[in-house]
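Quick note: numbers below take in every heavy atom, side chains included, and nothing from hydrogens, waters or symmetry partners. Values in this document were obtained by computation on a predicted structure and should not be read as measured data. Chain A is the first sequence line, chain B the second, and so forth, proteins listed ahead of strands; every chain is numbered from 1.
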Amino acid sequence: MYDVVVVGGGIIGGAILRELTRYRLKVCLIEKQSDVAMGQSRANSGIVHAGFDAPVGSLKAKFNVLGNAMMENYAKELSVKFKRNGSLVVAFSAEDMVTLSELKARGEENGVTDLKILDADSLFELEPNISKNALGALYAPTGGIVCPYKLTVAVVGNAMDNGADLYTNFEVSSISGKFGDFTISSQDGQNVKTKIIINCAGIGCQKIANLAGDYSFTIGGRKGEYILLDRECENFVKQTLFFTPSKKGKGILVSPTVDGNIILGPTAKEVDDANVLTSEEGLKEVQEKASKMCENVPFGQTITSFAGTRAFCDRHDFIIEESKSVSGLINCAGIESPGLTSAPAIAKFVVEKLVSSRIDLRFNTSFNGHREPTDFFNSLSIEQKNQLIKEKPEYGKIVCRCEKITEGEIIHAIKTNPPATDIDAVKRRTRAGMGRCQGGFCQPQVAEIIARELGIPLEKVTKFGKGSYLLRGKTK
Amino acid sequence: MKNYDVVIIGGGPAGLAAGIKAYDYGAKVLIIEREEITGGILNQCIHNGFGLTRFKESLSGPEYASRFIEQVAKRDIDVLTETTVLSIDKNNKTVTAINSKEGIFEVNAKAIVLAMGCRERSKGALNIAGSRPSGLYSAGTAQKYVNIKGYLPGKEVVILGSGDIGLIMARRMTLEGATVKAVCEIMPYSSGLKRNIVQCLDDFGIPLYLSHTIVDIEGKDRVTAVTICQVDQNKKPIKGTEKRFECDTVLFSVGLIPENELAKDAGIELNRLTKGATVYQNRETTSSGIFACGNVLHVHDLVDFVSEEAEIAGISAAQYALNGAKEHDSVDCIAGDNVSYVLPQKIDKNLSGAVKLFFRVRKSLNNCKVKVCVGDKTVIETKKRVVRPGEMEHVLIAEDKIKSLDGNVTVSIEGCEL
């Protein structure tokens, strides 16, 4: 019997799981995919928002500003790269300039510090590639960037190091029982028993709530398409650039990523399911809008395009509360933007305020919130690298030539919590296959390393679990 | 610290040929190769057709490579395998590399030859709409799975791009029992060799759709179908021409790009048209003592031409290492009408010997006239029956003309569009 089961391995579920391991509780995370960070925590912009966007008094505003302030230490403790690169909301009309003043006032009321309105000259000085049609911008120096899936992998990994269990490929098909004695069952007959359920299933939140008997909210999906540019474009923009929000929404952004790529997107199209298809119109829209924001966007350096689906709910704010109809079910639903930013603050609130009202929390004195970096190899000195290669020769063997990732790092990703068991999981943890050849050279080698380390035949290795097999058997 | 006259980065066909010639000239040579064995991409090219020009016989890739590997083995040339070069210092000519035995180490050279080859353009760069399931491979990756690892990536295949590797893989997958339903090519012509279209597609009844591209990919876990569509002159899909094919595999053969990350990081001047280094006719780059040859310099049609070019670079690198740097006095070579690039990009008048100017055309033409002008004076005019973008052309400038070059050299071609 678990004390708490968290449903959904995204950043919210992961951050809550980790927060729970600070206490003497038996906890686990269940995830329907083969790895964590497979939903909206995989494909989003990776922005740590300053907090001027959300309406005053909303949960979004509250957790955004709190989360933003926590993120630096949070990422540091988990050895995840975070950069406070600053955000710019760019105005292209006199009307936009008025909106900027409103945003600034709203931000200040939300508790965002150091907001400043820049004139066009100061803006061009900060961002030389910005469109000459720009008239000014709201500058938020507290805005930042973080890699959403690396942060998710890190929080789950750290929670596991502190005793949490992880069940992947566990798609919930039924929930029975009540507070103190729930049974969660999967389609393929696995069961877990728990006193409390925390529903962090993203786009699946409504389904999980419904299965438990709570019909109080509806969740929709909003698809966003992105284009990613090569790291050679690293300094194309330094700050995260937003359009001035209008009634039509926030529009697309142009931003560096913490890994040095440039990300363009997302579009926003409502969809019925967790559809992550890119579309010709969507990608065209990203290109057109990015070209409106910046001069000479280097589209020739595109290395990939992708789509993610963000959940949004009919209440237009985060739902973070214990269900009114099902005791012991805590819903964290409709966590759209700024969910990533808010995650550390939401996790703290859920555990300290909601879980604690149901079970007594006693500190786990052996909790260690520090996680060793997984990409430590590149930060070592040459002497340290050589010492490591002497002990573990696999660190001397480059597998991914574009990102210069060694076999040692890939083995480390397979053996470290949460273990990588497929090609894409290795890629998210190590960047092997994420470079300009997109795995063309290294995929067969990565597949062989996975097969060897997991003791499975090569045909059983998948790209991302389930039916995403790589090979259809041996040759004649 | 290890010291060599010539350090060659890459042990594929270019690196091997350069190494042999540099050694024979008298240089102490090291070849650095990242794979377990030398031979490069030839090791997975088990089809024949290699060596027709050079050896007057049809060899498989491994056979062609072995002729050079044997020659290297006969000489006192050092070869480091499973070793990846991390960086080059172009001024000190120091190469930093990593392997499991020695860790990270430096090698000093008097001259360096870049012979890293090329890589396939990835599907990611194409912005094709739809899902991103498993089963999308570059043709070269599929070739590695089939020919080296002994596994079949899929059984029902659509191929995008009619480059040579795509054509070769259409045949290879068919021979392994897969059904290749279509090869589509966005251009109105194939970029592959004519003989490959005949031997790999026509002989197996595989349809080639010219002026077609993939507009949609379906499938959640594994690809289940693709839709192809005809494109107009601006490569924009024409509505109403869609054709859908159910398949479990899509292979991409959409171009090769010289793998010049090392050169770029080292600050070696690269050419926008070839995506390789800018070189003189001895294949020296504009960074003194750094040479380049093979597919890292420009993408060749035939390995025979890679070997020929690498031998030039190998000898030149050895001469540089043993005799020191020479002053350059050069003119530029310029791509004129209907020509997409010319190589070498510079002719050094102080160097002896005739110069073979390689060039590629922009479109297929017949009854053509090739013109070489120096300044605005035409110095060479020859006829060609047919030229195609998929096949490299060349024109020879005699030694006596080189010394007296008094302006930039422009290569242009005119003819009737096919």
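In this structure, the portion of B/Glu261 lying under 4.5 Å from any heavy atom of chain A is its side chain and not its backbone. Only the side chain of A/Lys385 comes within contact range of chain B, with heavy atoms under 4.5 Å apart. Proximity to chain B is limited to the side chain of A/Leu283, based on heavy atoms less than 4.5 angstrom apart. Proximity to chain B (any heavy atom under 4.5 Å) is restricted, for A/Glu232, to the side chain, taken from C-beta onward. Heavy atoms of B/Gln143 lying under 4.5 Å from chain A are absent altogether. In this structure, chain A has no heavy atom under 4.5 Å from any part of B/Ile148. Heavy atoms of A/Ile227 lying under 4.5 Å from chain B belong exclusively to its side chain. Heavy atoms of A/Lys474 lying under 4.5 Å from chain B belong to its backbone as well as its side chain. At a 4.5 Å heavy-atom cutoff, the contact between B/Arg119 and chain A is made by backbone and side-chain atoms alike. Neither the backbone nor the side chain of A/Gln301 comes within contact range of chain B; no heavy atoms are under 4.5 Å apart. Contacts of A/Tyr395 with chain B are made by backbone atoms alone, with heavy-atom separations under 4.5 Å and no side-chain atom involved. In this structure, chain B has a heavy atom under 4.5 Å from the side chain of A/Gln287, while its backbone stays farther away.
Contact count versus chain B (heavy atoms, under 4.5 Å) is highest, among A/Cys402, A/Cys437, A/Ser305, for A/Ser305. Taking A/Tyr469, A/Phe306, A/Phe464 one by one and counting their heavy-atom pairs under 4.5 Å with chain B, the maximum is reached by A/Tyr469. Comparing A/Glu281, A/Lys390, A/Lys404 by heavy-atom pairs within less than 4.5 Å of chain B, the highest count is held by A/Lys404. Contact tally against chain A (heavy-atom pairs below 4.5 Å) for B/Val215, B/Asp216, B/Asp248, B/Ile257: the top residue is B/Asp248. With chain B as partner, the option from A/Gly440, A/Gly465, A/Ala447 having the largest number of non-hydrogen pairs under 4.5 angstrom is A/Gly440. Interface remark: of the candidates A/Thr302, A/Thr304, A/Asn386, A/Asn386 forms the most heavy-atom pairs closer than 4.5 Å to chain B. Most heavy-atom pairs under 4.5 Å with chain A, from the set B/Lys155, B/Arg121, B/Lys144: that is B/Lys155.
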Task: Steps toward salt bridge (Lys or Arg N to Asp or Glu O under 4.0 Å) verdict (A/Glu288, A/Lys292) - done: CA-CA 6 Å; A/Glu288 280 171 6; A/Lys292 216 175 252 179; over 6 Å; no
Open item on the list: Is there a salt bridge (Lys or Arg N to Asp or Glu O under 4.0 Å) between A/Arg472 and B/Glu176? Walk through the geometry before answering.
Closed with: CA-CA 12 Å; A/Arg472 300 259 338 238; B/Glu176 284 297 338; over 6 Å; no
- [ ] Take A/Glu285 and A/Lys289, measure what salt bridge (Lys or Arg N to Asp or Glu O under 4.0 Å) needs, and give me the verdict at the end.
- [x] CA-CA 6 Å; A/Glu285 184 187 336; A/Lys289 292 195 173 153; 2.8 Å; yes
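At least one side-chain heavy atom of B/Thr227 sits under 4.5 Å from a side-chain heavy atom of B/Glu218.
The main-chain N or O of B/Ile41 is never found under 3.5 Å from a side-chain atom of B/Gln44 such that the two would form a donor-acceptor pair. With hydrogens and angles ignored, the 3.5 Å screen pairs no side-chain donor or acceptor of B/Asp221 with any backbone N or O of B/Ser134. Using a distance-only test at 3.5 Å, with no hydrogens or angles considered, no donor-acceptor pair links the side chain of B/Asn260 to the main chain of B/Lys264.
The aromatic rings of B/Tyr145 and B/Tyr137 lie perpendicular to each other, with more than 60° between the two planes, well past the 30° mark.
Side-chain N/O atoms of A/Gln387 and A/Glu383 include no donor and acceptor closer than 3.5 Å. For B/Glu120 and B/Ser138, the side-chain atoms include at least one donor-acceptor pair closer than 3.5 Å. Between the side chains of B/Glu82 and B/Ser100, no donor-acceptor pair is found at a separation under 3.5 Å.
Checked against the 6.0 Å centroid threshold, A/Phe377 and A/His412 do not count as a close aromatic pair.
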